[in-house]
Amino acid sequence: MTIRIYNTMSRSKETFEPMSPGKVSVYVCGPTVYDSCHVGHARSVVVFDVIVRYLRERGFEVMYIRNFTDVDDKIIERANRLGMDPMEISEKYIQEFYEDMDALHVLRADHEPRVTRYMEDIKAFVGKLVDSGMAYRIDGDVYYSVESFNGYGKLSGRKLEDMEAGARVGINAKKRNPFDFALWKSAKPGEPAWDSPWGPGRPGWHIECSAMAWRHLGETFDIHGGGKDLIFPHHENEVAQSEGAFGRPFARYWVHNGFVNIDQEKMSKSLGNFLMIKDVRRRYHPETIRLFLLSNHYRSPVDFTDKAMDEARAGLDRIYTFLERAEATAGAPGGSPAEPGQYWQRFAEAMDDDFNTALGVGVLFEGVRAANGLMDGSADDALPRIRAIRDDILRMGEVLGILNETPAAYFTGRRAGVLETESIDAAKIEALIKERAEARKAKDFARADAIRDELAEKNIVLEDRPDGTIWKVGG
RNA sequence: GGCGGCAUAGCCAAGUGGUAAGGCAGCGGUCUGCAAAACCGUUAUUCACCGGUUCAAAUCCGGUUGCCGCCUCCA
């Protein structure tokens, strides 16, 4: 089996062959930490989390780098507005990032470099470009000359000539080309600054990723990821910087995830419809968010709606309901790890084809249905087959970053939510269930059904099982 | 203006040459006092529209319409 990846650079799916057999180096652009993370950040981070998890599952040794951009115009602006130190701002939002992403079961990257801790590498990088004549100084600023790099535009599929036609009037008329971009920005009074051969200042937006990728992964590495919006200018400029500096290919596979829309609208400042992860977490289980995000192919846009989230929750309930029943029927999972079964194989085939999690989720549900069918039936070999399918499903769950809880814990959590919103306590519910059981025993079904209806109004659903009645939270 | 993407059942969504996965919702059935959960069956002779290539197209090519993204900070 080989993995195929859609490479933005070639605009086609390519067979994935890492530079060093068995090893994969990955760099993903992390957030600029000037505000809370929104669901768009969640998608990008979750998508690459799953890609890295899958590569490891497939036996690759992965070196995964995800940066924090912790010095930037927006951070400074916000700090000034709040009368805070920029470093306080970035630190605050880095901690928030971890709170959100830990909740979403996102694994830490192997290195999570912060720009402010890599100033020597950045300055060395800028120095290389200045020395080679690809960058030039204007007062205390250093600019990259896009015309000095003849591949400029190859990632985003643009030609410098075409862009020049529609280019806006450059604000800085001193730039040789309107598309030249800052490698080093001279410090204005009150701004954070580092000494450099070009005077005190700070890095431009794009240089940090080139420098930190270089530091951790070398001149060439395997996979570079980020949101689609980063293709131009951010990633295009990274290519120009890194390939300009080393004369070697930069990233071998460019992977870009699509956007998250909110009710079919792009999240934007003007619409004021940024949906923060911390707010969504209050309403939905973290795995519901992951399942929702992964139910679409990573390159397609995905529309965040209450309906879509409710469906994801229904799906997650379905999987945990199966796991709960399987545990009762076939015992708790564990013991000797089974050989991967047919469902895992099909899941892996889906993932091999450009990380098609949407197709993979479909396979997962097919497994649930098949195993439920076995539990309904009476085949002699049902138990081992159920266990085999469950093992496959749990393995898929590990790649997707879901099914981290035991079914009991999951449903306890679901119940806790409704107890809070409906202001009813578990003892009261249990008392009603007991009363209903007595009514049923006395054949007083009118009373029994009235109790059930009363609870249903509070989104509490009863299930009469052979060993007694349990309650769950509805959709 | 330049570059790129998308249009598949009521809704969401896979499927890039071989005859339409999966989820949600709906309907019929099994089970149940009745339900719920689960399972079985059913729900697109058809993949925006028009033309072309092919033995064969949702899948390739050309055109039309509609929606969207990037080109400016942005996951």
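Throughout, protein chains are lettered first and strands after them, A, B, ... in sequence-line order, and every chain is numbered starting at 1. Only a predicted model underlies this, so the values are computations on that prediction, with no experimental measurement involved.
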Under 4.0 angstrom, heavy atoms only, what part of the nucleic acid is [X] near: base, sugar-phosphate, or nothing?
X	value
A:Met267	base
A:Gly315	nothing
A:Gly227	sugar-phosphate

Checking [X] against [Y]: charged group under 6.0 Å from the ring centre and within 45 degrees of the axis?
X	Y	result
A:Arg66	A:Tyr27	no
A:Lys228	A:Phe259	no
A:Arg415	A:Trp471	yes
A:Arg299	A:Tyr6	yes

### Summary
Rounded to the nearest 0.5 Å, the NZ atom of A:Lys428 sits from the NZ atom of A:Lys458 at a distance of 9.0 Å

### Task
To the nearest 0.5 angstrom, please state how far the CD atom of A:Glu324 sits from the CD1 atom of A:Ile470.
6.0 Å

## Note on the structure
Per nearest nucleotide of RNA chain B, the residue lying toward the 5' end, A:Thr321 or A:Asp72, is A:Thr321

## Note on the structure
Of A:Gly157 and A:Leu230, the one whose nearest nucleotide on RNA chain B sits closer to the 5' end is A:Gly157

Would you tell me if any nitrogen or oxygen in the side chain of [X] comes within less than 4.0 Å of OP1 or OP2 on [N]?
X	N	result
A:Asn372	B:C39	yes
A:Arg158	B:C70	no
A:Arg436	B:A36	no

Gap between atoms [atom1] and [atom2], on [X] and [N] respectively (whole Å):
X	N	atom1	atom2	answer
A:Glu236	B:G2	CD	P	20 Å
A:His235	B:C71	NE2	P	13 Å
A:Glu463	B:A37	CD	P	7 Å
A:Phe232	B:U72	CZ	C1'	10 Å
A:Arg465	B:A35	CZ	P	19 Å
A:Lys266	B:A75	NZ	P	10 Å
A:Asn257	B:C70	CG	P	13 Å
A:Asp444	B:C34	CG	P	16 Å

## Note on the structure
Taking B:U72, B:C73, B:G69 as options, the one with an atom nearest any side-chain atom of A:Phe179 is B:U72

### Query
Taking the side chain of A:Arg452 as heavy atoms from C-beta outward, which of B:G33, B:A36, B:A75 is closest to it?
B:G33

### Task
With pairs defined as Watson-Crick or G-U wobble and both distances under 3.5 angstrom, please note down RNA chain B as a dot-bracket string, | for pairing with another strand.
((((((((.[[[..)..(...]]].(((((.......))))).....[[[[[..)....]]]]])))))))....

### Task
Would you confirm whether A:Asp180, through its side chain, and A:Lys175, through its main-chain N or O, come within 3.5 Å as a donor-acceptor pair?
no

### Whole-Å C1' distance, B:C47 and B:G28
27 Å

### Query
Is A:Asp464 side chain donor-acceptor paired with the B:C34 base, going by distance under 3.5 Å alone?
yes

### Message
Can you build the contact string for nucleotides 5-21 of chain B? Use B for base contact, S for sugar-phosphate-only contact, and - for no protein heavy atom under 4.0 Å.
### Response
------B-SSS-----B

### Query
Hey, what's the ring geometry for A:His38 with A:Phe274, parallel, tilted or perpendicular (30° and 60° as the breaks)?
tilted

### Task
Give a yes-or-no answer on whether the side chains of A:Tyr320 and A:Glu287 include a donor-acceptor pair shorter than 3.5 Å.
yes

### Residue pairs passing the side chain to side chain donor-acceptor pair (under 3.5 Å) test where at least one lies in residues 308-317 of chain A, sequence neighbours excluded
A:Tyr284-A:Asp310, A:Lys307-A:Glu311, A:Asp310-A:Arg313, A:Asp317-A:Tyr410, A:Asp317-A:Arg414

### Task
Verify the stacking flag for A:Phe365 against B:G22: centroid separation must be under 5.5 angstrom and the ring planes must differ by under 30 degrees.
no

